[in-house]
Number of protein chains: 2
Amino acid sequence: MHSEVVASRSADQRDSSRESRNGTPQLDAVSLAIIQQLQEDGRRPYAAIGKAVGLSEAAVRQRVQKLLDQGVMQIVAVTDPLTVGFRRQAMVGVNVEGDVESIADALTAMSEVEYVVMTAGSFDILAEIVCEDDDHLLDVINKRIRALPGVRSTESFVYLKLKKQTYMWGTR
Amino acid sequence: MHSEVVASRSADQRDSSRESRNGTPQLDAVSLAIIQQLQEDGRRPYAAIGKAVGLSEAAVRQRVQKLLDQGVMQIVAVTDPLTVGFRRQAMVGVNVEGDVESIADALTAMSEVEYVVMTAGSFDILAEIVCEDDDHLLDVINKRIRALPGVRSTESFVYLKLKKQTYMWGTR
DNA sequence: GCCGCGTCTGCGAAATCCGCAATCTGCGAC
DNA sequence: GTCGCAGATTGCGGATTTCGCAGACGCGGC
């Protein structure tokens with residue numbers, strides 16, 4: 001915890017909420033440092049974070065609350081689905097004819113779908129699916145995803161072993 | 001607490017820590033409920049969780065600590081990498097000749113690699129990569145991943161738009 | 001200058017976290 | 001059956017943290 005930031009805060013960067021082109025709030029160095037602290041431990045006390053980033057406890061608290069309200073970050077428990085009773089997971093590559101985004105929205109609406117991203121490459125969309133068993137997985141892929149109008153084809157990659165899953169962006 | 005290894009081998013271990021085939025602890029309904037609470041809000045007070053799941057504050061605290069120690073779950077801040085300054089992400093499918101696991105381990109060791117999973121299907125491994133820009137991404141894929149001995153081929157899917165990213169397993 | 005807005009700080013009260021000792025509960029050994 | 005053990009749970013102080021708010025500060029607009 002010797003990640004002293006000691007930002008030259010008094011200088012100019014007191015706008016932690018400047019907006020960039022797409023409306024996403026731009027983060028300053030201090031907020032980034034706060035996020036890093038919470039990526040290491042989501043329950044770290046505000047006072048400890050404040051000491052690390054050079055802010056008072058109350059200021060850290062306000063910034064964290066704002067980051068949560070803005071949806072920039074969320075503090076949650078994450079697990080390996082396998083240990084929580086979901087025995088089948090798969091990544092599904094989807095090819096679409098027509099409007100890709102509307103298909104992506106339809107996938108997003110499915111509760112079994114954990115992750116949806118539009119990509120460049122031989123798939124238009126990648127979607128991660130979390131299911132309880134093989135029947136459930138088969139049902140989602142064949143009856144629900146392939147049934148969507150505009151889905152040209154799909155390819156499935158059933159998970160055998162999860163090797164790594166980190167949440168340390170920005171910590172490098 | 002000098003928690004000695006105990007090593008009480010599969011003797012009794014009732015409930016919340018019975019081991020399944022692969023050594024992963026099996027979770028009972030109460031621990032599952034606790035995880036669900038923390039998936040909604042990683043900073044929810046132990047007393048509030050206890051009220052929701054029917055345990056005392058101290059019992060919840062003890063179980064949460066155990067879940068963290070066992071690595072069953074972690075409580076962290078998660079963000080959209082794009083808002084934190086990482087502009088290029090990609091999923092890379094890898095085909096391997098020889099030992100798949102050792103390649104997966106090598107990928108796991110790379111800090112730019114956020115997610116590694118071994119799969120059944122036309123790829124042996126899927127790895128998610130988070131980079132700062134195109135040059136960085138190109139470098140990781142071409143110079144580092146393809147250079148690994150045993151990597152037969154790779155296929156990249158550059159992210160265009162992240163549509164969904166949830167952490168609500170078990171909350172359905 | 002004056003005012004407004006957003007952020008930071010300090011501080012007291014309330015709530016929470018932490019550690020520990022006592023108690024309870026299964027379950028195998030005898 | 002009883003005994004003993006080990007993990008789980010509870011209750012309870014004391015330390016710590018969270019919370020809300022009033023005041024101060026910096027900065028730009030007028």
Side-chain angles (χ1 to χ4, degrees), chain A residues 1 4-20 23 25-35 37-38 40-70 72-75 77, chain B residues 1-20 23-35 37-38 40-70 72-77:
Chain A
M1 62 173 65
E4 66 217 48
V5 169
V6 191
S8 56
R9 183 161 27 82
S10 55
D12 53 0
Q13 50 184 220
R14 28 178 63 273
D15 56 341
S16 60
S17 59
R18 182 176 29 206
E19 304 251 331
S20 66
Q26 198 70 9
L27 304 176
D28 66 8
V30 178
S31 288
L32 224 45
I34 291 174
I35 292 174
Q37 293 287 318
L38 289 170
E40 289 174 18
D41 176 6
R43 274 180 170 262
R44 183 162 298 170
Y46 295 130
I49 298 172
K51 212 168 302 179
V53 307
L55 236 53
S56 71
E57 175 267 338
V60 172
R61 180 154 39 89
Q62 287 174 133
R63 282 193 181 231
V64 168
Q65 193 55 54
K66 198 167 106 179
L67 290 170
L68 295 174
D69 290 344
Q70 287 175 154
V72 173
M73 77 173 178
Q74 44 187 138
I75 300 175
Chain B
M1 72 167 80
H2 4 65
S3 62
E4 55 320 319
V5 186
V6 181
S8 66
R9 163 148 328 195
S10 78
D12 84 69
Q13 309 215 308
R14 37 190 269 269
D15 265 354
S16 63
S17 58
R18 184 172 23 213
E19 306 245 336
S20 64
T24 316
Q26 197 72 9
L27 303 177
D28 66 7
V30 178
S31 289
L32 222 46
I34 291 174
I35 292 174
Q37 293 286 318
L38 290 171
E40 291 174 16
D41 177 5
R43 274 180 171 261
R44 184 162 296 170
Y46 295 130
I49 298 172
K51 211 167 301 178
V53 308
L55 277 184
S56 70
E57 176 267 341
V60 172
R61 177 155 40 90
Q62 186 175 305
R63 286 173 91 124
V64 167
Q65 193 56 54
K66 199 168 104 181
L67 290 170
L68 294 174
D69 290 343
Q70 289 174 153
V72 173
M73 76 172 179
Q74 43 187 141
I75 300 176
V76 295

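Quick note: numbers below take in every heavy atom, side chains included, and nothing from hydrogens, waters or symmetry partners. Quick caveat: nothing in here was measured; it's all calculated off a predicted structure. Protein chains get the first letters and strands the later ones, always in sequence-line order, with residue 1 at the start of each.
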Self-check item: Shortest non-hydrogen contact from A:Leu68 toward A:Gln74
Solution: CD2-CA, 3.9 Å
Quiz item: So, is A:Lys66 close to the C:dG6 phosphate, meaning a side-chain N or O under 4.0 Å from OP1 or OP2?
Solution: no
Quiz prompt | Flag, side chain of A:Arg43 to backbone of B:Gly42, donor-acceptor distance under 3.5 Å | solution = yes
Practice problem: Measure the spacing between CE of B:Met73 and OG of B:Ser31 and express it to the nearest 0.5 Å. | Solution: 8.5 Å
Quiz prompt | Nearest-Å distance for atom pair CD/P, residues B:Gln37 and C:dT16 | solution = 14 Å
Quiz prompt | Closest-nucleotide ordering on DNA chain C, the 5'-leading residue of A:Arg43 and A:Val60 | solution = A:Val60
Self-check item: A:Arg63 CZ - C:dG6 P separation (whole Å)
Solution: 15 Å
Practice problem: Report the distance from atom CG of B:Asp28 to atom C1' of D:dA8, rounded to the nearest whole Å. | Solution: 11 Å
Practice problem: Please report, rounded to the nearest Å, how far the C1' atom of C:dT9 is from the NZ atom of A:Lys51. | Solution: 16 Å
Quiz item: Which whole-number value in Å describes the distance from A:Ile49 CD1 to D:dT18 P?
Solution: 8 Å
Quiz item: Which of the following nucleotides, C:dT16, D:dT9, D:dG11, is nearest to the side chain of B:Pro45?
Solution: C:dT16
Practice problem: Take atom CD of B:Glu57 and atom C1' of D:dA8, then tell me their distance rounded to the nearest Å. | Solution: 15 Å
Practice problem: Sort out for me which residue in A:Val30, A:Val64, A:Leu67 forms a side-chain contact (heavy atoms from CB on, under 4.5 Å) with A:Ile35. | Solution: A:Leu67
Practice problem: Would you mind reading off the distance between A:Arg61 atom CZ and D:dC21 atom C1', rounded to a whole angstrom? | Solution: 10 Å
Quiz item: A:Tyr46 side chain: which of C:dT7, D:dT18, D:dT9 is closest?
Solution: D:dT18
Quiz item: Given C:dC8, D:dG11, D:dT9, which nucleotide is nearest the side-chain atoms of A:Ala59?
Solution: C:dC8
Quiz item: B:Gln62 CD to C:dC24 P: how many Å, rounded?
Solution: 17 Å
Quiz prompt | Among C:dT9, D:dT18, D:dG11, the nucleotide that comes nearest once only the side chain of A:Leu55 is considered | solution = C:dT9
Expected list for residues 44-55 of chain B: side-chain donor-acceptor pairs under 3.5 angstrom, two or more places apart:
residue	atom	partner	partner atom	Å
B:Arg44	NH1	B:Gln37	OE1	2.6
B:Arg44	NH1	B:Glu40	OE1	3.4

